[in-house]
Every structure is written in structure tokens, then in C-alpha cells.
Amino acid sequence: MGEFRVHHVRFFEWTPKSIQCMSYSSPNQKLALSRCDGSIELWSVRDGWYQEEVIPGVEDQSIEDLVWQGTRLFSAGLDGHIREVDLVRLNIKKSCPSNAGPVWCLTSNSAGTRLAAGTEDGCVVLLDTEYNALEYLSRFDSQESRILCISWHSGEDVIVTGGIDNIRVWSVSSGKAMQRLTVARTDKNKETVIWSVICLSDMTIVSGDSRGKTSFWNGKQGTLIKLATISPKISFIVNSNMDYIHISRRHTLRQLVSSYRLEFVSLTIAALGNLLRDWIGTLVHNQHTHDVRAVQIINKSIVTGGVDTNLIQFSLTAVGSEGGHRQKSHENKWKRISAVPQKSLVKVARDVNIILLQYTYHIEVWRLGFTDKTGANGDILTLRSNPIKLIQLKTKGGAPVFCCGISHDATLMAYSDCETVRLYNINLENLKSIQPSVSMKRILQADDIPPDGAHCLCFTSDKTRLVTVTSSSCVQICSIQHGKVSVEHTFPELSDNIHLLDVSRDDTLTAVADHDCNVHVYSLESLQHVCSVPRQNHQVSALSFSPDSKMLVMAYTNQKIFEFDISQTEFSDWSKRHSQSFMKAWLRRKSKISKISYNPSNDTQLFLHDEQLFCILDKTQKFPGVKSFEELKLEKTTAFHICMKYKFLFHLEVLQDNWLIAVERPQLDMYSSLPEALKRKKFGT
């Protein structure tokens, strides 16, 4: 494969945020989660946990709960508003005040026509969401303290809430409490906080509280059925799905997640065939290092998230018994889903060794270090000049950055917030000196048609155009002339939710991919749609044109790679031969390919990477047989040449003269801002 010299970049100070809450949509097979900075992430479960979008948060605007209604997503926070999230424009579509203070919890009726919010003022607030509305409807009688958790019974007319020292059962039609369930205190001077409550279809109420107890209640009679205690002085988050209850513990010495299953335990009246059922503990897992804050049930898996920023998927496969006896054991399998973004936050000006780093509220431009030393394989070369930060640009009004870009010679830079694209002309002098001279000037928008806000953008090589995917998911071409930018052409909309964009090196073509597994190619010369790639069953996670612009290579979320011949409008011969030859060890990988490109000096080589590995795929070599992944890494005579030197690899790109740039975030640096992991007591200590 030859040797490469590598710019090993470790100064990208991106930091993951803790998970606040989660909500799963079965029709969409999507998980929405919010983090402590108010951002919302959308994950496709169908595509093997692919992070589709990140909706940036707004400063000082937390999200305490998320709820799906079909394909609509709603959020609620401590600013006292309930909002509908626009999943195409990636911003707020509608907003409605609670009129009762900060909102701690949110739930929906089973018909998807109403929302109920629990507030700081102790009120349940109903909102109308029928016919795409979001309007204040009514409020229940106030209780004496805040409402921290809420659940809507599937029978529509009952809502259960939990707060301080009590659980209430409410009538939706009258807005009055029908039952008040008093929760005991361990200390008369210390309140018991009900952190979560679930109302099951048979009116069984399950609650988790700050005493460390899980309580099962008869909601019709207001009596306690069962009390389970695992550890003192801890609180719970409870989630349910049919006959399962899942509990996660917060602020405890062990970050545990437990399961309870409703099972048949004995016969009472044999003649009538009645069965006595009880809640039996079935599972405990403690794969998190910090507090667990959110639990969701997805298919046959428990998905948890919390302060350690990662998702843990824990699946249960029953192994078992027959004849009505309860199952004796479970086969437990789990995997960790990293918080590292699957959409690159790094852009490279390849001609001048400059990189652009995207943060939430600012962007940075760095000149890479350089050396005149040489060495053998594995040597660390001494720098003649260290990397230098040239520019730090904060967004206007504290608006979050959606995307950014830089030209290949770093003379043009652009970023977009939710509303508009902002372009800048950069003047660099004495770039290789200790203190380069840098000046920057805003490129104004033309008066006729200013550019729309963008989710993706890319400069053409001649720097006369900027190609964007607008916030309304249209492909737009902007002209940069005479110190101004204006919209030259907008292609008719063919897709929703476009998330990937690339422009060919000869500036003749652009390609886009959307979340519906479509890939479209447009001509930048004739301004026409050229062709569409045959649709696969999985999304594209990365795409790139070949150096001669004749081919388009795509990496899919199922780990397969396809090459498409644009002139022949069909897959290339190489792709036809090998599309079904990918070995199982490769296809079983969890991390998705986040970037793929051709070697500029050898178009038979593909460079690709995910957060865990970097791979050179040589199209002239044979595919290996069925091998384990460890054997695949050691194999030198096959098409796959794998390097796993880097951990949490954010970006890898080929530069000139056999140089690579690898942007890595060391694990210790990335998680240094987290609180200290709680210690677990081990046997003998």
C-alpha cells in the first residue's frame, strides 16, 4: 500500500454531553434523545444505530422530556414551553406555553391527539395536537407540589402523576384527582421524590422513588401490591412494555438497570383456570460508568443512556422452559453505542494544510504543523513549526452552527446557522512563518435572492460557486461574484431529509443522499438532474466522486460499499463482482463508515474510516474468505488493509505527496469533563 506521513491532530476539543431523556417511535424505528446542552439527536434503529441528524440546542434551554406522536416529535423544558420539532428543517416548528411554569414531564394519549404536561406549579396541562395543531386546551386542579413524572392510561380517561410524597390518579374529563396514593418516608424530615411512574393497561401503577424502592400499586383501589428494594437512598427511572418493567438507578454506587417480568406463579382455582401473577426480577446489568438517566424499550432490547454520554443496548434472548413454568435463564448480549458524531465536524483545505473545526457556537481555522525531517515507519517526526490557530469565529447572536466549509486553498470560508449562510473571504500571508498574517472580510448577500440556511455546503474547485442543501432539503447553487453571493439555481425537490453532499473535482456534478436511501446526481453545467442510483434497503453513510468524476462511491449503513458508473448509469464492474462478497467479519462491525474517498493519485484505492479504524480498500486485490476480524487485520494479501492505531477518529483525509491528516480525540481528553465515575465495591476490598 506504500507509506504515508500523517498529520496526527489531537487539538480538536470536542466534548460529548450527557444524555437527558429518550423517546422511541415504533412506526419510524427512530430513537430521539436529548443531551444536557439542549441538542436533540435522531437515531435510525432500522439502520443499525445510525445517527441521522443532530439538532443543535439553544443556550439556557434544557429539554426535560421528549414524546413521539406518530411521525411528530415534541419536547418540553424548564423554560415552560412545549415545542414541536421540525424534522426536515431541524428547528422548532411550533411552540406553546404551559401557562403553569417550567415543564418537567410530557406524555401523549394513545390516539396521538392530546399531550399532557406536568409542571412546576403542580398542574397537569392538556394540549391539543389534532390536525397538526399544538394549542393549549385546559389544566387540571393544582396540587401542592411540582409534578415530576406522568403517564397516560391507554383507556384515555386516566392520567397518573408523581411528585413529592404522593401519586395521583386523575380523571381527564373532569380534571380532578380520583385517587391519592401516599408514599411513605424513610425519614419524617426527608421528602420522598417520585421520579417516574407508569400506568399499565390493567391499571397497575408502577413507581420508582428516591428511597430506592419500586412500588406496584392497584390503581383502581389505591392499594400497594408489592414493594421491591434493591439498594437504599437511590432513585429510579421506570419504563414499561406490555409485561416488562425496566428500572435504572441514579445516584447509586452501582449504575444498574433491572427488569421485572409479569409471570404466572401458581394456580388458585383449578376449575376456573385462574392464575395468580407476580412481578419477578429477570435481569440486572451495570455497563454504565455513571448515573443512568433514561431507559427505553426497543423491540427486544433495553436501551439506556446517562451521564457517561453513551447508549447501551442490552438484548434479551429467552432460553427456556415449557409447560407454563417461568423461564430459568436469559442469554444476555449488549453493545455500547458511542456519542461520537457520525457526520464529520472537520473540513480540510488540502492545498495549504489548513483545517476547519466545527463547534456548537463557533468555528476554528488551524494551520497544521510542518516538518523537514524524515524517518522510518512508526517514527514521530519533530515539528519545525507547531499548529497555529488562525481564526476563531463566533456565530452571530449565539445561534448554533449547522454546517461549515472551506475552499481547497482556504481563501473562502462559510458556515450556516438555521436562518442563513454566511461567507467570508480570507487573506493569508506568510503562512509558514511563526505568526502568519490573517485578515477576513464578510461576503455580502445580493439584494435579489439571498441564500437559504443550509444543512450541508461545499465550494467548487474554481471558487465561483457554493453548493448547498437548504434547510427545506433543496439543492441550491449560489454564485460568488464581485464580492457578493446570490442564488443562481435551485433544483426541484426530489428528496426529503438530504444529509450528504459532494461536488466532483471538475465542478461538473454534485451528488446528494437522503434518509430514504435515495442518491441523486445533478449537473452543475446544464442544471439538470442526471440520474439516480438504484435504491438499496439501507441509508448511505458516506459518498464521494472519483478524481476523474466518472464514478461515485457510496458506503452504506450495512457496511457494504458500492461504486456507480455515472456515464453508464449502472454499478461498475468491480461493484457487480464484489457487492455480495463482503465477509461477515466486516459486515458485523458496529461503527458506520463516516467518510470514503478515492486516493487522488491512484483511483484503484479507496480510503475509508469510522471512529474505530482506518482502511485502504484496493480494488485490484481479491476479497478475503470468511475470516474473523482479527485475522482480517493481519492479512496483507487481500483488498482490505486495516489500521486500528487511532481511537475515536473524527476525520481522515488524503493530502498531497502521500500525506494523511488524522483528527483523533483521545479518550481521556474527551471524557475529562465528566464527573468522577462512582466506585464499585469489589469482593475482598
Side-chain angles (χ1 to χ4, degrees), residues 16 19-35 39-55 63 65-75 85 87-88 90 108 112 237 239-242 244 246 248 257 259 283 285 287-288 292-306 308-317 331-343 496-497 499-500 513-518 535-542 555-560 587-594 610-612:
I19 294 173
Q20 195 78 4
C21 58
M22 299 190 297
S23 181
Y24 178 65
S25 171
S26 296
N28 299 334
Q29 297 188 59
K30 290 184 181 181
L31 177 74
L33 65 86
S34 76
R35 296 189 182 269
S39 63
I40 298 175
E41 298 175 7
L42 300 176
W43 293 76
S44 172
V45 178
R46 182 181 65 87
D47 287 290
W49 293 99
Y50 176 61
Q51 187 190 69
E52 292 187 343
E53 300 290 356
V54 177
I55 305 172
I63 294 177
D65 212 349
L66 292 167
V67 167
W68 287 95
Q69 279 190 348
T71 58
R72 302 173 70 188
L73 178 63
F74 297 90
S75 69
V85 181
L87 300 180
V88 176
L90 305 182
S108 171
I237 296 174
N239 204 332
S240 72
N241 182 15
M242 298 182 67
Y244 274 102
H246 299 287
S248 71
V257 176
S259 291
L283 161 73
H285 91 70
Q287 305 302 333
H288 286 282
V292 179
R293 289 183 174 173
V295 182
Q296 280 293 311
I297 300 169
I298 299 177
N299 302 326
K300 296 181 179 180
S301 300
I302 310 166
V303 179
T304 58
D308 64 6
T309 76
N310 298 312
L311 289 171
I312 299 291
Q313 182 191 19
F314 202 100
S315 62
L316 300 176
T317 305
E331 199 178 282
N332 299 330
K333 298 179 181 179
W334 68 277
K335 70 176 180 180
R336 178 175 283 105
I337 302 164
S338 172
V340 173
Q342 294 179 1
K343 187 175 181 180
D496 283 336
N497 298 315
H499 68 294
L500 294 176
D514 64 23
H515 293 313
D516 293 327
C517 311
N518 300 305
R535 189 175 183 272
Q536 306 298 306
N537 293 325
H538 295 81
Q539 294 188 53
V540 176
S541 62
Y556 287 81
T557 55
N558 63 349
Q559 308 295 354
K560 289 189 175 182
L587 299 178
R588 283 197 297 263
R589 291 167 47 250
K590 300 172 185 177
S591 300
K592 311 303 177 190
I593 297 170
S594 56
D610 58 28
E611 65 175 84
Q612 302 291 333

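Counting all heavy atoms, side chain and backbone alike, V540 lies closest to A542 at CG1-O, 3.3 Å. Across V67 and S23, no two heavy atoms sit closer than the pair CA-OG, 3.7 Å. Summarising the geometry of S75 relative to V85, their closest heavy-atom pair is OG-CG2, 4.4 Å, with the distance given to 0.1 Å. Contact detail for N537 and D47: the closest heavy-atom pair is O-OD1, 4.4 Å. Taking each heavy atom of H538 and T557 in turn, the nearest pair found is CB-OG1, 3.3 Å. Nearest heavy-atom pair, Q612 versus S591, reported as atom, atom and distance to 0.1 Å: CG-OG, 3.4 Å.
Considering CG of N558 and CZ of R588, their distance stands at 14.5 Å, rounded to 0.5 Å. To the nearest 0.5 angstrom, S44 atom OG is 9.5 Å from N28 atom CG. Of the inter-residue distances, the one linking Q20 atom CD with D65 atom CG reads 10.0 Å to the nearest 0.5 angstrom. The line from CH2 of W334 to CD1 of I312 is 5.0 Å long, rounded to the nearest 0.5 Å. Going from atom CD1 of I63 over to atom CD1 of I40 covers 3.5 Å, rounded to the nearest 0.5 Å. To the nearest 0.5 Å, atom OG of residue S26 and atom CD1 of residue I297 are 10.5 Å apart.
For the side chain to side chain donor-acceptor pair (under 3.5 Å) test with E53, the passing option among Q342, K30, H515 is H515; the others fail.
Partners of R589 under the side-chain hydrogen bond (donor to acceptor under 3.5 Å, both in side chains) rule, at least two apart in sequence or in another chain, are Q559, D610. Qualifying side chain to side chain contact (heavy atoms under 4.5 Å, CB included) partners for L33, counting only residues two or more places apart in sequence or in other chains: I19, M22, L31, R35, E41, W43, L311. Taking the side chain to side chain contact (heavy atoms under 4.5 Å, CB included) definition, one finds that N310 meets it with D308, R336, S338, A339, Y671, sequence neighbours left out. Scanning for side chain to side chain contact (heavy atoms under 4.5 Å, CB included) contacts around D496 gives E493, with sequence neighbours left out. The side-chain hydrogen bond (donor to acceptor under 3.5 Å, both in side chains) search around K560 returns Q580, not counting sequence neighbours. With sequence neighbours excluded, the residues satisfying side chain to side chain contact (heavy atoms under 4.5 Å, CB included) with K335 are W49, Q313, I337, K590.
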Practice problem: Could you please spell out the steps behind the side chain to side chain contact (heavy atoms under 4.5 Å, CB included) verdict for R535 and C517? | Solution: CA-CA 6 Å; R535 189 175 183 272; C517 311; 4.1 Å; yes
TODO: Please lay out, stage by stage, how Y24 and V303 fare under the test side chain to side chain contact (heavy atoms under 4.5 Å, CB included).
DONE: CA-CA 10 Å; Y24 178 65; V303 179; over 6 Å; no
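Classified by interplanar angle (parallel below 30°, tilted 30° to 60°, perpendicular above 60°), the ring pair Y50/H499 is perpendicular.
No donor-acceptor pair under 3.5 Å is formed between the side chain of K592 and the backbone N or O of Q51. Proximity of a side-chain donor or acceptor of N299 to a complementary backbone N or O of S301 within less than 3.5 Å is not detected.
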